[in-house]
K.L.:
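Before anything else, here's the structure in question.
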There are 2 protein chains.
Amino acid sequence: MNHSSFNSRDCGTCPIRHRAVCSRCEPDELEHLDEIKYYRTYEAGQPVIWAGDPMEFVASVVTGIATLSQTMEDGRTQMVGLLLPSDFIGRPGREIAPFDVVAVTDLTLCCFRKKPFEDLMGSTPSIGTRLLQMTLDELDSAREWMLVLGRKTAREKIASLLLIIARRDAALYKRLPADGMAFDLPLTREAMADYLGLTLETVSRQISALKKSGVIQLQGKRQVHIPDLQRLVSETGDDLDGGPIF
Amino acid sequence: MNHSSFNSRDCGTCPIRHRAVCSRCEPDELEHLDEIKYYRTYEAGQPVIWAGDPMEFVASVVTGIATLSQTMEDGRTQMVGLLLPSDFIGRPGREIAPFDVVAVTDLTLCCFRKKPFEDLMGSTPSIGTRLLQMTLDELDSAREWMLVLGRKTAREKIASLLLIIARRDAALYKRLPADGMAFDLPLTREAMADYLGLTLETVSRQISALKKSGVIQLQGKRQVHIPDLQRLVSETGDDLDGGPIF
DNA sequence: AACATACTTTGATCAGGATCAAAGCAGGAT
DNA sequence: ATCCTGCTTTGATCCTGATCAAAGTATGTT
């Protein structure tokens, strides 16, 4: 159990959802968990698992980013989930992975062998409750994403994705949204296109257009600076009165 | 408690998921449930609840069809879920409805007041487990739908929707898929468009095109006959090797 | 330095679906 | 019957984003 790879910030920002399954956050369950959990790392670009493969573990993302995606016979690909630190992978009670999981950056997973995890769930109801809440939140996110995919224009899609990444980034590092904020784009243009149901050319063009309009600024290809968050929000087409953004 | 409106077929085909919360299917929990549950009916077109409204109950669809949808300020609408008999509405642990719920046909809900339902969940772990399974299934469906919205052509979208309805219909009534099957389209062209991220004109045109190709036959506007299910499947663009359809 | 590779940008053209418009159809009310 | 209303079909045209193509940029390798 190599805990030395975790610095204190990882634990300080570790969301509640992670605590539910992470022995480092719930030391009283340490021994039990240590028997069934292990860490695993993947390099950027490596597959974690393919749709249809048997999946003998569930896991929590510790560091890095992974994608959940689906590919059609002819190669058309749709990303159906973006897995950021603290997100959960896998499901108790199902043997087969329903989607492809791929590491897009270097990735560390905190894995739990499935059988003992299910046993633990049975004996610790709070884990099931926590998992239900997380799953309901994910379902809401997926449904919100359906509006983006089905009804938004290319420009609105890009703005929505940037806002999602900015929001998760801010939440994760507990940065307050100053009047400007900056972050690294973790995805290639192609990955963004797969997320948004667009082509990579359209993604590139729309990012250029947002830059030209002054909504975003770019340093290099990946470093994004947003001078005015409200401006970006208004580009998403979403209701401005939908409550606080962060 | 008016159970007389349930005929025996309703209970015979009542899926496991419904059993988890329906006293009619779990008579041993009858008294307890009777204190907290009630039936409620809605006419076709009536709203059940609007996004943002406080929601003081959870419910299970008994008969009829409802939709979950999201609308943007400018009126663009995306349906994010189709609620058929046995589907669950609402979520423990959240006060506010995240989406609009509207009855598209006459609708009967089996409602449970939220507080006591949550108490019941706490004391009956199997309900939470069941709810987790249902939610995970819904999440998978939502993610599969993201592929439809993001990457499929209009024709493939229509074929996918017809197949989903046919599949659910067959499962609900336990009809075996003969070499041909028929069902009523419960949705207007506009509702189908909202589900598929299309306009109603495109839906109409693609349905006409599928009819002209002989993939489907229509009696009137709503009664659909599918002479060859495999033919319809091949129109969805999905992998044919994805296991049995029903 | 020269090259290779992967990613990105930009241009030109095309096509699928949206939009605008009008007519057809069925069921219900008077 | 006639009218009305809501739903559906079909036509004409437009536009957004896809496709095809090529050049630009950054990073690492020999």
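Convention: sequence-line order gives letters A, B, ...; per-chain numbering from 1.
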K.L.:
Contact class for A:Arg151 (heavy atom, under 4.0 Å): base, sugar-phosphate, or nothing?
P.N.:
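Nothing, no heavy atom under 4.0 Å.
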K.L.:
Short of 4.0 Å, heavy atom to strand atom, which residues of residues 189-200 of chain B count as contacting DNA chain D?
P.N.:
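The answer is B:Arg189, B:Leu200.
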K.L.:
For the residue pair B:Ile158 and B:Leu196, what are the closest heavy atoms and their distance?
P.N.:
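Minimum heavy-atom contact is CD1-CD1, 3.6 Å.
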K.L.:
When you match B:Thr153 and A:Val203 each to their closest nucleotide on DNA chain C, which lands nearer the 5' end?
P.N.:
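Its nucleotide being nearer the 5' end, the pick is A:Val203.
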K.L.:
Does A:Leu200 offer a backbone N or O that forms a donor-acceptor pair with the side chain of A:Arg189 under 3.5 Å?
P.N.:
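Not confirmed, A:Arg189 side chain does not pair with A:Leu200 backbone.
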K.L.:
Students often get this wrong, so: under 4.0 angstrom with heavy atoms, is B:Thr188 touching a base, only sugar-phosphate, or nothing?
P.N.:
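If one applies the 4.0 Å heavy-atom cut-off, B:Thr188 turns out to touch the sugar-phosphate alone, with no base involved.
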K.L.:
Under 4.0 Å between a side-chain N/O of A:Ser208 and OP1 or OP2 of C:dT10, yes or no?
P.N.:
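True: A:Ser208 side-chain N/O within range (under 4.0 Å) of C:dT10 OP1/OP2.
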K.L.:
Quick one: A:Arg205 CZ to C:dT8 P, roughly how many Å, whole number?
P.N.:
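A:Arg205 atom CZ is separated from C:dT8 atom P by 15 Å.
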K.L.:
With a 6.0 Å cut-off (strictly less than), is the heavy-atom count around CD of A:Glu190, excluding the residue itself, greater than 12?
P.N.:
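It does not: A:Glu190 CD has 12 such atoms or fewer within range.
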K.L.:
Taking CZ from B:Arg155 and P from C:dG17, how many angstroms apart are they, rounded to a whole number?
P.N.:
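Taking atom P of C:dG17 as the reference, CZ of B:Arg155 is at 11 Å.
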K.L.:
Report the residue (B:Lys221 or A:Glu201) whose heavy-atom-nearest nucleotide on DNA chain D is the more 5′ of the two.
P.N.:
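First, find each residue's nearest nucleotide; the 5'-ward one identifies B:Lys221.
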K.L.:
Mind checking A:Arg76 for me? I need base, sugar-phosphate or nothing, with any heavy atom below 4.0 Å counting as a touch.
P.N.:
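Here A:Arg76 touches no strand at all.
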K.L.:
Under 3.5 Å, is there a donor on one side chain and an acceptor on the other for B:Ser160 and B:Thr236?
P.N.:
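Short answer, no.
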K.L.:
For B:Asp238, run the salt bridge (charged side-chain N to carboxylate O under 4.0 Å, His left out) check against B:Arg151, B:Lys152, B:Arg167 and tell me which one passes.
P.N.:
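Among B:Arg151, B:Lys152, B:Arg167, the one that satisfies the salt bridge (charged side-chain N to carboxylate O under 4.0 Å, His left out) with B:Asp238 is B:Lys152.
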K.L.:
Which heavy atom of B:Thr67 sits nearest to which heavy atom of B:Met79, and what is that distance?
P.N.:
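Between these two residues, the closest heavy atoms are CG2-SD, 3.6 Å.
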K.L.:
Which whole-number value in Å describes the distance from B:Lys157 NZ to C:dA18 C1'?
P.N.:
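Roughly 12 Å, once rounded to whole Å.
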K.L.:
Could you work out which one of C:dT8, D:dT8, C:dT9 sits closest to the side chain of B:Arg222?
P.N.:
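Looking only at heavy atoms from C-beta outward on B:Arg222, the closest nucleotide is D:dT8.
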K.L.:
Return the value, rounded to whole Å, for the distance between atom NZ of B:Lys211 and atom C1' of D:dT9.
P.N.:
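One finds 10 Å between C1' of D:dT9 and NZ of B:Lys211, rounded.
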K.L.:
What is the separation between atom CG on A:Leu187 and atom P on C:dC7, rounded to the nearest whole Å?
P.N.:
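In whole Å, C:dC7 P lies 12 Å from A:Leu187 CG.
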K.L.:
Do B:Phe99 and B:Trp50 have ring centroids that are under 6.0 Å from one another?
P.N.:
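No, the ring of B:Trp50 stays outside the 6.0 Å limit from the ring of B:Phe99, centre to centre.
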K.L.:
Could you state the NZ-P distance from A:Lys152 to D:dG17, rounded to the nearest angstrom?
P.N.:
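Rounded to the whole Å, the gap is 13 Å.
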K.L.:
Without decimals, in angstroms, what is the distance between B:Leu185 CG and D:dC7 P?
P.N.:
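Answer to the nearest Å: 15 Å.
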K.L.:
Between B:Gln206 (CD) and D:dT8 (P), how many Å, whole number?
P.N.:
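In whole Å, D:dT8 P lies 16 Å from B:Gln206 CD.
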K.L.:
For D:dG17 and A:Thr202 - does any side-chain N or O of the residue sit under 4.0 Å from the phosphate oxygens OP1/OP2?
P.N.:
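Result: no.
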